[in-house]
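Since the structure comes first, as structure tokens, the remarks are kept for the end.
In listed order, ligands and their atoms are each counted from 1. For reference, positions follow the sequence shown, starting with 1.
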Amino acid sequence: MATAGQTFAYLVVLIGLQAYEATEVPNDQVNGIVHGTVYLNPKLIVPLEYTQIIWWVNETQKILTKKWNQTFYLNGSFHNKLHYHENHTLEIVQLQKRDSGIFRIEVEDTQSKTTNERIQLNVYEPVPKPSFNVTIRANEDGWCNVTLECTVNAAQVAYHWYKNEKDFVGKNSSTLDDQLKSESHASYKCVVHNPVSEEAGLVYYRSPCTWDEKNSAVPLSLARKTADSILAFGFLLLVHNWV
Ligand SMILES: *[C@@H]1O[C@H](CO)[C@@H](O)[C@H](O)[C@H]1NC(C)=O
Ligand SMILES: *[C@@H]1O[C@H](CO)[C@@H](O)[C@H](O)[C@H]1NC(C)=O
Ligand SMILES: *[C@@H]1O[C@H](CO)[C@@H](O)[C@H](O)[C@H]1NC(C)=O
Ligand SMILES: *[C@@H]1O[C@H](CO)[C@@H](O)[C@H](O)[C@H]1NC(C)=O
Ligand SMILES: *[C@@H]1O[C@H](CO)[C@@H](O)[C@H](O)[C@H]1NC(C)=O
Ligand SMILES: *[C@@H]1O[C@H](CO)[C@@H](O)[C@H](O)[C@H]1NC(C)=O
Ligand SMILES: *[C@@H]1O[C@H](CO)[C@@H](O)[C@H](O)[C@H]1NC(C)=O
């Protein structure tokens, strides 16, 4: 059984490799953040002696040529944004969304044989802080039935919801429906994320069917401190009256 399973696994890998060769899908993916830096590390072996190395973007735009001890950074949107390291890592700084694309290193050896490797670069905006749109669907018979919408001005994001810090497992959508009856308080957190950043927003519920993005109830620790200082002040007054 194990052997059959293994054979099957090898077959899947082989078929996968063939598909990969045929379509020339990048074999590596790197995510970057706007204004950030990424390092593209090709895995191919660059021989000690080679004629030239060329980096291309989206198959048509040549951005860098290296011949022995000279590196040429070509004019275009990547000029002044590249650093080529001796270990053949390409560093890209001051990333912009439009820098996303397929980067290809082409190595030409001394026999004029070329080897290629493709790396997909995806640049994302940092996720902004989300806000809420609360729609009360029903407020009757003691029920508060609500739709919470977590809104954020960003594309390509995923959502995660928590109620009272407990995970709503698998809930990945900008809206959440809930019904409350017996609870006097509750907090809802929406975490919005993309591959490079995340932000969270909180909305609070108070019975009966009141919603607020700020937690207006006085936190317990603060209430306690106030009570303590009132006590201390009372004691001082007492001492003052004695003297
Ligand atoms: C590059 O190497 C060549 C030959 O080895 C040499 O003549 C030239 O001065 C070198 N250039 C730089 C910028 O180091
Ligand atoms: C690159 O751009 C600079 C300034 O814009 C220009 O002087 C230079 O000739 C250009 N070089 C090439 C190879 O196009
Ligand atoms: C190559 O050098 C750069 C800069 O020192 C480093 O960031 C990168 O990780 C190195 N790449 C590899 C594959 O070791
Ligand atoms: C590469 O192509 C994609 C999709 O067409 C485009 O969004 C991106 O800006 C291009 N990248 C560069 C560096 O031109
Ligand atoms: C909030 O929801 C209402 C009703 O669905 C909709 O009209 C409104 O555009 C939404 N506002 C935001 C900021 O999403
Ligand atoms: C509110 O939700 C509760 C629980 O699902 C349901 O029994 C009730 O009918 C809902 N009320 C309205 C008006 O939709
Ligand atoms: C969540 O939804 C987004 C948008 O529909 C999708 O891109 C993402 O892969 C989903 N994430 C998970 C963990 O299901």
- Note on the structure: Numbered in order shown, the ligand 4 atoms found under 4.0 Å of a heavy atom of Phe78 are 13 (C)
- Note on the structure: Looking only at non-hydrogen atoms, the one of His83, Lys43, His85 nearest atom 4 (C) of ligand 3 is His85
- Query: Is it true that Glu108 and Lys67 make a salt bridge, defined as a side-chain N closer than 4.0 Å to a carboxylate O?
  - Reply: no
- Decide, yes or no, whether a salt bridge links Lys97 with Glu125 under the criterion of side-chain N to carboxylate O below 4.0 Å. no
- For Glu140, atoms of ligand 6 separated by under 4.0 Å from a heavy atom: 13 (C)
[atom]: which protein heavy atom is closest, and how many Å away?
{"atom": "atom 5 (O) of ligand 6", "result": "Gln179 CG, 3.6 Å"}
{"atom": "atom 2 (O) of ligand 6", "result": "Asn145 ND2, 2.4 Å"}
{"atom": "atom 9 (O) of ligand 4", "result": "Arg98 O, 3.0 Å"}
{"atom": "atom 1 (C) of ligand 3", "result": "Asn87 ND2, 1.5 Å"}
{"atom": "atom 10 (C) of ligand 4", "result": "Asn58 ND2, 2.5 Å"}

- Message: Can you tell me how the ring of His88 sits relative to the ring of Tyr50, calling it parallel under 30°, perpendicular over 60° and tilted otherwise?
- Response: perpendicular
- Item | Minimum heavy-atom distance Gly101-Asn58, with the two atoms named | CA-OD1, 3.4 Å
- Nearest heavy-atom pair of Tyr159 and Ser173: which atoms, and what distance? CB-O, 3.4 Å
- Per-atom contact, atom 7 (O) of ligand 4, protein heavy atoms, under 4.0 angstrom: no
- Message: With a 3.5 Å distance limit and no angle check, can you tell me whether Lys163 reaches the backbone of Ala186 through a side-chain donor-acceptor pair?
- Response: no
- Query: Does a donor on one side chain sit under 3.5 Å from an acceptor on the other, for Asp167 and His160?
  - Reply: yes
- Applying a 4.0 Å heavy-atom criterion (strictly less than), which segment of Ser100 is in contact with ligand 4: side chain, backbone, both, or neither? backbone
- Does the pair Lys189 and Glu165 meet the rule for a salt bridge (charged side-chain N to carboxylate O under 4.0 Å, His left out), with working shown? CA-CA 7 Å; Lys189 181 159 78 178; Glu165 297 297 327; 3.4 Å; yes
- A student checking ligand 3 against Tyr39 at a 4.0 Å heavy-atom cut-off should list atoms 7 (O)
